Amino acid sequence: MSWLGTAERIRADRGPAAAPGPDTGPGGTPGLLAGIPRQRGGREAGARAVAEGPNAPGAAARWRPWRLLPTPVGTPFTFGYAVLLAGTSLFAEHADPGLVSELLRGSSTDVVHLAQAPLMVLIASALWIAGGMTSAYAVAFLFVLTALERRIGALRAVAVFFGGHVLATLATELPVAFSVAAGRLPESSLHRLDYGISFGVMTCIGALAGLLPAWLRRPLLAGVGYLAVMDLLAYVDPLSEWGHLLSLALGVASWPLLRRWRNHRAESAPLLGDLGRPALRGARTY
């Protein structure tokens, strides 16, 4: 018997087998080549996971609750600022009351201090928490700035926080100066005590809402806006409460810019190759 006949008999004994064609890979997977990692199957699975997002099956298992709090590596600005605020709050609670009162008055962003040393008091006033570490703004600071910094980065989170702090402060104090000059307010209004992180926090709340899905954005804005309006109607400190509403509006007004920042941050993330190293964008293939 010739070698050709022997080969035919061996194939007949083994039974029919699907011969891999040009579009068939290992295991019968169409379109995959042996020895080539990360082919279409992996890419399609990854694309489906990204498209489905947090509602995909198994997404709850991937949720990491500790990401709600700041970390030195993930959110360096929020973490470092929180440590600084904790230090000043402990100092204000345990130090000599006379010294603390003097420091707070020196850090106040009232009209007199803004006229004398605007840059110094704008920075110094943001080193204290009105109400201490247990206040609502201290708690909101941790969660809101952590979430915002994770989405837009540290430097942009700094810009949002201090931009809102500065703009809202000037927008509330300059009318006081004009009203005193016009004789509508007493001169004691030029020395009102004004310090804290509330304007920056409210700006970050408004900014973060624009980066959240609608089912989170609407109740967040509705709840925070309702509380701010109720505080304003209580008329305990109307100037500060107007500043809180203005800060929230500043954050909302920054939505187009923040979404551009977020998209740019996502596009500039390095692509990892098969060995975990950054892949070259636009590399030529041969």
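Treat the numbers as computed from the prediction; the structure is a model and nothing was measured.
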Nearest-0.5 Å distance, [atom1] of residue [X] to [atom2] of residue [Y]:
X: Leu85; Y: Met133; atom1: CG; atom2: CE; answer: 10.0 Å
X: Thr134; Y: Glu93; atom1: OG1; atom2: CD; answer: 8.0 Å
X: Met230; Y: Glu241; atom1: CE; atom2: CD; answer: 11.5 Å
X: Tyr195; Y: Thr88; atom1: OH; atom2: OG1; answer: 10.5 Å
X: Thr172; Y: Leu174; atom1: OG1; atom2: CG; answer: 8.0 Å
X: Arg156; Y: Ser254; atom1: CZ; atom2: OG; answer: 13.0 Å

Is there a path from [X] to [Y] through hydrophobic residues (I, L, V, M, F, W, Y) whose side chains come within less than 4.5 Å of each other?
X: Trp128; Y: Ile123; answer: no
X: Leu232; Y: Tyr235; answer: no
X: Leu216; Y: Leu248; answer: yes
X: Leu167; Y: Phe199; answer: no
X: Leu246; Y: Leu239; answer: no

Do you know which two heavy atoms are closest between [X] and [Y], and how far apart they sit?
X: Leu245; Y: Ala228; answer: CD2-CB, 3.5 Å
X: Arg217; Y: Arg259; answer: NH2-NH2, 3.9 Å
X: Arg105; Y: Leu193; answer: CA-CD1, 3.9 Å
X: His165; Y: Gly196; answer: CE1-O, 3.7 Å
X: Leu142; Y: Ala82; answer: CD2-CB, 3.8 Å
X: Pro219; Y: Ala214; answer: CD-O, 4.1 Å

Inset, instruction - Start with the C-alpha distance between His113 and Gln116, add both sets of side-chain angles, then the distance that settles side chain to side chain donor-acceptor pair (under 3.5 Å), and finish with yes or no. - result: CA-CA 5 Å; His113 284 102; Gln116 295 174 349; 5.0 Å; no
Inset, instruction - Taking Thr146 for its side chain and Phe143 for its backbone only, find out whether a donor-acceptor pair lies under 3.5 Å. - result: no
Legend entry - Arg192 (side chain) donor-acceptor with Val176 (main chain) under 3.5 angstrom: no
Inset, instruction - Dump the intermediate steps for side-chain contact (heavy atoms from CB on, under 4.5 Å) on Leu208 and Arg151, then the final yes or no. - result: CA-CA 9 Å; Leu208 177 63; Arg151 284 163 172 78; 4.0 Å; yes
Inset, instruction - Mind running side-chain contact (heavy atoms from CB on, under 4.5 Å) on Leu211 and Trp261 for me, showing each step along the way? - result: CA-CA 11 Å; Leu211 304 178; Trp261 283 350; over 6 Å; no
Inset, instruction - Check step by step if side-chain contact (heavy atoms from CB on, under 4.5 Å) holds for Thr109 and Leu170. - result: CA-CA 9 Å; Thr109 51; Leu170 295 178; over 6 Å; no
Legend entry - Candidates Asp110, Val112, Val111 - the one meeting side-chain contact (heavy atoms from CB on, under 4.5 Å) with Ser108: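 Exactly one option meets the side-chain contact (heavy atoms from CB on, under 4.5 Å) with Ser108, and it is Asp110.
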Legend entry - Neighbour count above 12 (heavy atom, 6.0 Å) for Trp255 CH2: yes
Legend entry - Crowding at CG, Leu155 (>12 non-hydrogen neighbours, <6.0 Å):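 No, the 6.0 Å shell around CG holds no more than 12 heavy atoms from other groups.
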Inset, instruction - Apply the test side-chain contact (heavy atoms from CB on, under 4.5 Å) to residues Phe161 and Leu148: give CA-CA distance (whole Å), side-chain angles for both, the deciding distance (0.1 Å), then the verdict. - result: CA-CA 10 Å; Phe161 180 88; Leu148 184 64; over 6 Å; no
Close side-chain approach of [X] to [Y], heavy-atom, < 4.5 Å:
X: Asp231; Y: His244; answer: no
X: Leu122; Y: Leu114; answer: yes
X: Ser125; Y: Thr169; answer: no

Inset, instruction - Evaluate the ring planes of Tyr81 and Phe141, with Trp represented by its six-membered ring, and classify them as parallel (under 30°), tilted (30 to 60°) or perpendicular (over 60°). - result: perpendicular
